[in-house]
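Read the structure below first, then the notes.
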There are 2 protein chains.
Amino acid sequence: MATPNLDVFQVIADPSRRQILQLLTKDSYNINSISENFEMSRPAISKHIKILQTAGFVSIQVIGKEHYCMLNQEGFSKIRNWINHFDKFWNNKLKNLETVLKNKAKS
Amino acid sequence: MATPNLDVFQVIADPSRRQILQLLTKDSYNINSISENFEMSRPAISKHIKILQTAGFVSIQVIGKEHYCMLNQEGFSKIRNWINHFDKFWNNKLKNLETVLKNKAKS
DNA sequence: ATATTGCGTAACTTTGAAGTTACAAATGTA
DNA sequence: TACATTTGTAACTTCAAAGTTACGCAATAT
């Protein structure tokens, strides 16, 4: 379970981290093979993964000396909740508009 | 129309900006009345609004000397698209699992 | 005409995030 | 045992974002 002390929005704000998440939609990768896909040092990737894991976007399976990374729904759902909240706002606005129009039609 | 040179994820990464968006679900406010809701200087709020507007989260209506801010769907939809993309990933994963299970049942 | 109000922006300071290199620990292999 | 591989982390540098104050401009009010 991820200990979400990190701000999920802050976590996905970094373009490199979003690219890592994008990569992980294709397959599971260990730290080294992830860093082969980026022009960045391995320690940098390692830190990003740590952050993504702590925030609940990635989970890690250790096999021998290799740490395989895969996507974790937990972090994404927090972002989705936030978006849903504002979607409700727009829906309510639309509903109110409809009500106004209906009342106008009656009179 | 917003000129989205800004990274929408970077824009919503700031907690103050998210609080501003939250406030704007209640009503429209001008810059001064927004800053009354925060322990921050008015210029700071002004900058945040500028950023939110440029990224398409907020639109502004100038009435006299007052600048009224209201929510704009444009920015939010980009975030939703990103989330939807990963939702597809999970759905595909689920579908594949179902297929595997069905094939196992047949044999 | 003058003062006030609402806002934007320039100039500056501070702080933290993101990257680097160097080193250490743990696992697997010859 | 000795060596290579995979990873984590400490120490450091760099840079940009977020805040401040000070100032100027435009619209409104007196």
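Note that these values count all heavy atoms, side chains included, but never hydrogens, waters or copies made by symmetry. Note that the structure is a prediction, hence the values are computed from the model and not measured. By convention in this document, chain letters (A, B, ...) are assigned in the order of the sequence lines, proteins followed by strands, and residues within each chain are numbered from 1.
Distance A/Ile49 CD1 to C/dA18 C1': 15 Å, rounded to the nearest Å. The NZ-P distance, from A/Lys47 to C/dG19, rounds to 9 Å in whole Å. Rounded to whole Å, the distance from CD on B/Glu66 to P on C/dC7 is 6 Å.
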Query raised in the report: Once each nucleotide of nucleotides 23-30 of chain C is scored for protein heavy atoms under 4.0 Å, what B/S/- sequence comes out, 5' to 3'?
Result: ----BS--
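Pairs of Watson-Crick or G-U wobble type, with distances under 3.5 Å, assemble into runs of 3 or more in DNA chain D at these ranges: C:1-30 with D:1-30.
Under a hydrophobic clustering in which Ile, Leu, Val, Met, Phe, Trp and Tyr are joined whenever their side-chain heavy atoms come within less than 4.5 Å, directly or via other members, A/Phe57 and A/Leu6 fall into the same cluster.
Of all nucleotides in DNA chain D having an atom under 4.0 Å from a heavy atom of chain A, the first and last in 5' to 3' order are D/dT5 to D/dA11.
Applying the side chain to side chain contact (heavy atoms under 4.5 Å, CB included) rule to B/Phe9 yields the partners A/Ile12, A/Arg18, B/Asp7, B/Ile79, B/Trp82; only residues at least two apart in sequence or on another chain are considered. A/Gln22 is linked by a side chain to side chain contact (heavy atoms under 4.5 Å, CB included) to A/Thr25, B/His85, B/Phe86, counting only residues two or more places apart in sequence or in another chain. Residues forming a side-chain hydrogen bond (donor to acceptor under 3.5 Å, both in side chains) with A/Asp87 (at least two apart in sequence, or on another chain): B/Arg80. Residues passing the side chain to side chain contact (heavy atoms under 4.5 Å, CB included) test with B/Asn96, sequence neighbours excluded: none. Residues forming a side-chain hydrogen bond (donor to acceptor under 3.5 Å, both in side chains) with B/Asn92 (at least two apart in sequence, or on another chain): none. In terms of the side chain to side chain contact (heavy atoms under 4.5 Å, CB included) criterion, residue partners of B/Lys93 (sequence neighbours excluded) are, by chain and number, B/Phe89, B/Trp90. For A/Arg17, there are no salt bridge (charged side-chain N to carboxylate O under 4.0 Å, His left out) partners at least two apart in sequence or on another chain.
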Sequence neighbours left out, cut at 3.5 Å: what donor-acceptor pairs do the side chains of residues 28-36 of chain B make with other protein atoms?
from	atom 1	to	atom 2	distance (Å)
B/Asn30	OD1	B/Ser33	N	3.0
B/Asn30	OD1	B/Ser33	OG	2.4
B/Asn30	ND2	B/Glu66	OE2	2.8
B/Ser33	OG	B/Asn30	N	3.1
B/Ser33	OG	B/Asn30	O	3.0
B/Ser35	OG	B/Ile31	O	3.4
B/Ser35	OG	B/Asn32	O	2.7

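Using a 4.0 Å cut-off, no side-chain N or O of A/His48 falls inside it from OP1 or OP2 of C/dA18. OP1 or OP2 of C/dG8 has at least one side-chain nitrogen or oxygen of B/Ser46 nearer than 4.0 Å.
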Query raised in the report: Passes side chain to side chain contact (heavy atoms under 4.5 Å, CB included), B/Tyr68 versus B/Ile63? Steps please.
Result: CA-CA 7 Å; B/Tyr68 284 94; B/Ile63 300 182; 4.1 Å; yes
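The shortest side-chain heavy-atom distance between A/Met70 and A/Val58 does not fall under the 4.5 Å cut-off. Using a 4.5 Å heavy-atom threshold, the side chains of B/His48 and B/Asp14 count as touching.
Remark: the backbone N or O of B/Arg42 is not paired with any side-chain donor or acceptor of B/Ser46 at under 3.5 angstrom.
Contacts between residues 16-36 of chain B and DNA chain D, counted as heavy-atom distances below 4.0 Å, involve B/Ser16, B/Arg17.
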